Amino acid sequence: MKIRKMVKCIIFDCDGVLVDTEKIGNEILLVMAQEHGLQMELEDAYHYFNGVSLKNCFSQIEKAIGKKLPEDFEEQYRNRSFEAFLKETTPMPGIFDFLNNLKIPYCTASSGPLEKIRLNLETAGLLDRFEGKIFSSYVIKSWKPDPEIFLHAAKQMGFGVGDCIVVEDSVAGVRAGLKGGFKVYGFANGYNNEDLKKEGAILFHSYEELSTMLGI
């Protein structure tokens, strides 16, 4: 893959970009939250929950229902979602071919816990591609839309901001990338198209399309 010379490193988000997990996680969270009075459509969950910390998601739910969630809500969610991820996580279509042809360094930078990132990558058959190149907000204690996770990833990979592009699928992730000074490509999934475009991401709909956009 002869990528444009100005791009020397690609920083991928994980969920919804490398692995197809967003629908799984959002559906479980909505079902659990609905048991406590939340009324929300799946499309809205993509808008409000994708790319932000779980703590932020819970705060939004509590604000919407006007009460605190049970103390064990997070534990229950993590148990149910981890079990589902282990059974249902699949790689995003086209990602293997894209990585197989990529001749420049790449990594993943996610708001999720390190063990969750590794579990999802392993289940999808991608872990070996990212060993030693996995960066978690939980490790540096900074979450999107703050740009620190992307800045940290670029630094650890040995590149400046101008050398890297960010691939994201969430509003929070796009905001983080742009705030950090990166060019951001937004993976449009049918739910997030207008949101990502409005934030300033360069939209693409498949890895084949991204390959073309990057000048292959």
Side-chain angles (χ1 to χ4, degrees), residues 1-19 50-53 91-114 117-118 120-121 124 126-189 192-193 195-216:
M1 181 183 291
K2 294 181 179 179
I3 205 162
R4 289 179 178 175
K5 292 181 180 179
M6 61 183 294
V7 182
K8 299 179 181 178
C9 180
I10 299 180
I11 304 174
F12 296 94
D13 176 41
C14 187
D15 295 315
V17 169
L18 297 175
V19 295
N50 282 21
V52 299
S53 68
M92 293 298 289
I95 186 60
F96 278 104
D97 286 342
F98 188 84
L99 295 179
N100 285 342
N101 292 319
L102 199 56
K103 304 302 182 184
I104 62 171
Y106 58 87
C107 64
T108 182
S110 170
S111 289
L114 186 59
I117 303 170
R118 292 183 62 85
N120 290 343
L121 289 174
L126 287 164
L127 183 59
D128 62 328
R129 311 295 183 98
F130 288 90
E131 273 301 2
K133 302 181 292 183
I134 301 172
F135 305 104
S136 166
S137 288
Y138 281 77
V139 174
I140 67 168
K141 304 302 180 184
S142 178
W143 285 264
K144 305 168 190 177
D146 292 329
E148 282 76 8
I149 186 60
F150 291 137
L151 295 172
H152 173 72
K155 183 178 180 180
Q156 293 299 309
M157 293 295 291
F159 295 97
V161 170
D163 297 324
C164 306
I165 62 170
V166 165
V167 180
E168 264 287 352
D169 73 317
S170 71
V171 168
V174 171
R175 288 177 179 172
L178 293 176
K179 190 183 295 185
F182 298 89
K183 180 178 285 189
V184 180
Y185 287 78
F187 202 152
N189 60 27
N192 62 5
N193 302 36
D195 288 336
L196 300 191
K197 185 177 180 181
K198 188 183 300 182
E199 292 297 331
I202 303 167
L203 294 191
F204 70 98
H205 301 79
S206 69
Y207 275 106
E208 291 77 11
E209 183 181 4
L210 182 60
S211 295
T212 301
M213 294 171 70
L214 293 175
I216 301 164

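When reading the values below, keep in mind they use all heavy atoms of this one structure, side chains included, and skip hydrogens, waters and symmetry mates. Nothing here was measured: the structure is a model prediction, and the numbers come from that model.
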(request) Measure across Lys144 and Ala109 and return the closest heavy-atom pair with its distance rounded to 0.1 Å. (result) NZ-O, 3.2 Å
(request) To the nearest 0.5 angstrom, please state how far the CZ atom of Arg175 sits from the OG atom of Ser170. (result) 9.5 Å
(message) Would the distance check show the side chain of Ser142 and the main-chain N or O of Ser137 forming a donor-acceptor pair, the cut-off being under 3.5 Å?
(response) no
(request) Give the intermediate values and the outcome of side-chain contact (heavy atoms from CB on, under 4.5 Å) for residues Asn192 and Val171. (result) CA-CA 8 Å; Asn192 62 5; Val171 168; over 6 Å; no
(message) Working to the nearest 0.5 angstrom, can you tell me the gap between Leu178 CG and Phe150 CZ?
(response) 9.5 Å
(message) Rounded at 0.5 Å granularity, tell me how far CD in Gln156 sits from SG in Cys9.
(response) 11.5 Å
(request) Heavy atoms only: give me the nearest Leu196-Leu203 pair and the separation to one decimal. (result) CB-CD2, 3.6 Å
(request) Describe, in one word, how the ring planes of Phe187 and Phe204 are oriented to each other, choosing from parallel (under 30°), tilted (30 to 60°) and perpendicular (over 60°). (result) tilted
(message) Keeping Ser110 on the side-chain end and Ser136 on the backbone end, is there a donor-acceptor pair under 3.5 Å?
(response) no
(request) Working to the nearest 0.5 Å, report the span between CD1 of Ile165 and OH of Tyr185. (result) 5.5 Å
(request) With rounding to the nearest 0.5 Å, note down the distance linking NZ in Lys141 to CG in Asp146. (result) 14.5 Å
(message) Under 4.0 Å between a side-chain nitrogen and a carboxylate oxygen: does that hold for Glu148 and Lys179?
(response) no
(message) Which heavy atom of Gly160 sits nearest to which heavy atom of Cys164, and what is that distance?
(response) O-SG, 3.4 Å
(request) Look at the aromatic rings of Phe12 and Phe98 and report parallel, tilted or perpendicular, splitting at 30° and 60°. (result) perpendicular
(request) Compare every heavy atom of Ala153 with every heavy atom of Phe135, then report the nearest pair and how far apart it is. (result) CD1-CB, 3.6 Å
(request) Of all the heavy-atom pairs spanning Leu18 and Asp13, show the shortest one and how long it is. (result) CG-O, 3.4 Å
(request) Report, as yes or no, whether the 6.0 Å neighbourhood of atom CZ on Arg129 holds more than 12 heavy atoms from other residues, nucleotides or ligands. (result) yes
(request) For residues Val7 and Ile10, report the shortest heavy-atom separation together with the two atoms involved. (result) CG1-CG1, 4.4 Å
(request) Indicate whether any N or O donor in one side chain lies under 3.5 Å from an N or O acceptor in the other, for Asp15 and Asn120. (result) yes
(request) Flag the pair Cys14 / Val19 as yes when at least one side-chain heavy-atom distance between them is below 4.5 Å, and no otherwise. (result) yes
(request) Measure the CD1-CG distance between Ile117 and Leu126 for me, rounded to the nearest 0.5 Å. (result) 13.0 Å
(request) Compare all side-chain heavy atoms of Tyr207 with those of Val17 and state whether any distance is below 4.5 angstrom. (result) yes
(request) State, with a plain yes or no, whether a side-chain heavy atom of Arg118 is found less than 4.5 Å away from one of Leu127. (result) yes
